[in-house]
Amino acid sequence: MCKGLAALPATCLKSAKDMKHRLGFLLQKSDSCDYSSSQGKKEKMSSSQRLSQEEVRKWADSLENLIHHERGLAAFRAFLKSEYSEENIEFWVSCEEYKKTKSPAKLSPKARKIYDEFISVQATKEVNLDSCTREKTSHNMLEPTLSCFDEAQRKIFTLMEKDSYRRFLKSPYYLDLVSPPGAGCGPENCKRNHTHSLDCNSNIISQCA
């Protein structure tokens, strides 16, 4: 018949209590380390996602500065989507990715995919190209190279540069980001196109990331 803990020697009870105390301490320390590690990762991610005013202002210098910046490209893509013309930037990005192809065997299927999606007569996201450029690009499909979309890509870049890029710089998608932190919604800080209504506290970046 078991006599319970009272039957155990005092030294055994003391050892058990010491072990319990140590385990509790180690568990608390482990939880604390996990929390600190988690907080550190969050702070690091937050820091890496910050966007400086200097970076945003550079987007207004050229379309190249804008679309070669990850967050700038995201903001511009969101703007084009609002105008139902995102196929232009999608085509440009697809061409950039295509030019990074290292395997010659992959050139033809990748080129055909881009052509079918953006250039062919039945393209689901047809971009606006003149007949001469479209015909030349079609001819390039016979023997695709890394440069087979270069002319078409330049034409679409120029089209965006002269048209949608200029509107983007006057839109909330850019103006909300270029305004200094804490700026109010006065006429000097919140110049807006008359066709748009905007809450100056909206966070465009969260929509674009």
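Values below: all heavy atoms of this structure, side chains included; hydrogens, waters and symmetry mates excluded.
When all heavy atoms of Glu87 and Phe118 are compared, the closest pair comes out as O-CE2, 3.7 Å. Scanning all heavy atoms of the two residues, the minimum distance from Ala75 to Trp59 falls at CB-CZ3, 4.5 Å.
Side chain of Tyr165 to main chain of Ala60: a donor-acceptor pair is present (N/O by atom type, distance under 3.5 Å, no hydrogens or angles). In terms of modelled atom types and a separation under 3.5 Å, the side chain of Gln153 and the main chain of Cys95 share no donor-acceptor contact. Using modelled atom types, one side-chain atom of His68 and one backbone atom of Glu64 make a donor-acceptor pair closer than 3.5 Å. Without hydrogens or angle criteria, Asn140 side chain to Cys148 main chain gives a donor-acceptor distance under 3.5 Å. Ser147 contributes no side-chain N or O that, together with a main-chain N or O of Asp150, makes up a donor-acceptor pair within less than 3.5 Å. Listed for the Glu117 side chain is no donor-acceptor partner under 3.5 Å among the backbone atoms of Arg112.
Counted within 6.0 Å of NZ on Lys110, heavy atoms from surrounding residues, nucleotides or ligands total more than 12; the atom is thus considered enclosed. Within a 6.0 Å radius of CD in Glu70, other residues, nucleotides and ligands contribute 12 heavy atoms or fewer. Annotation: Glu96, atom CD; neighbour count of heavy atoms from other residues, nucleotides and ligands within 6.0 Å is above 12. Remark: Lys106 NZ is loosely packed, at most 12 non-hydrogen atoms of other residues, nucleotides or ligands lying under 6.0 Å away.
One finds the CE atom of Met141 at 8.0 Å from the CD1 atom of Ile114 (value rounded to the nearest 0.5 Å). Taking CG from Leu169 and CG from Leu66, the interatomic distance works out to 7.5 Å, rounded to the nearest 0.5 Å. Between Arg57 atom CZ and Asn65 atom CG the span is 14.5 Å, to the nearest 0.5 Å. How far CD1 of Ile156 is from CG of Leu129: 4.5 Å, rounded to the nearest 0.5 Å. Separation of atoms OG1 (Thr137) and CD1 (Ile119) is listed at 4.5 Å; rounding is to 0.5 Å. To the nearest 0.5 Å, atom CD of residue Glu126 and atom CZ of residue Arg134 are 4.5 Å apart.
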Before you tell me yes or no, could you show the steps for Phe168 and Tyr173 under ring-ring contact (aromatic ring centres under 6.0 Å, His included), namely the whole-Å CA-CA distance, both residues' side-chain angles and the distance that decides it to 0.1 Å?
CA-CA 7 Å; Phe168 168 78; Tyr173 291 85; 7.3 Å; no
Test salt bridge (Lys or Arg N to Asp or Glu O under 4.0 Å) on Arg154 and Glu151 and set out the steps.
CA-CA 5 Å; Arg154 278 195 298 270; Glu151 186 171 343; 5.1 Å; no
Hey, mind stepping through Ser85 and Asn88 against side-chain hydrogen bond (donor to acceptor under 3.5 Å, both in side chains) and telling me if it holds?
CA-CA 6 Å; Ser85 60; Asn88 290 327; 4.8 Å; no
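The side chain to side chain donor-acceptor pair (under 3.5 Å) search around Asp163 returns Arg167, not counting sequence neighbours.
Side-chain contact of Glu55 with Ser52: a donor-acceptor pair under 3.5 Å is present, judged by distance alone.
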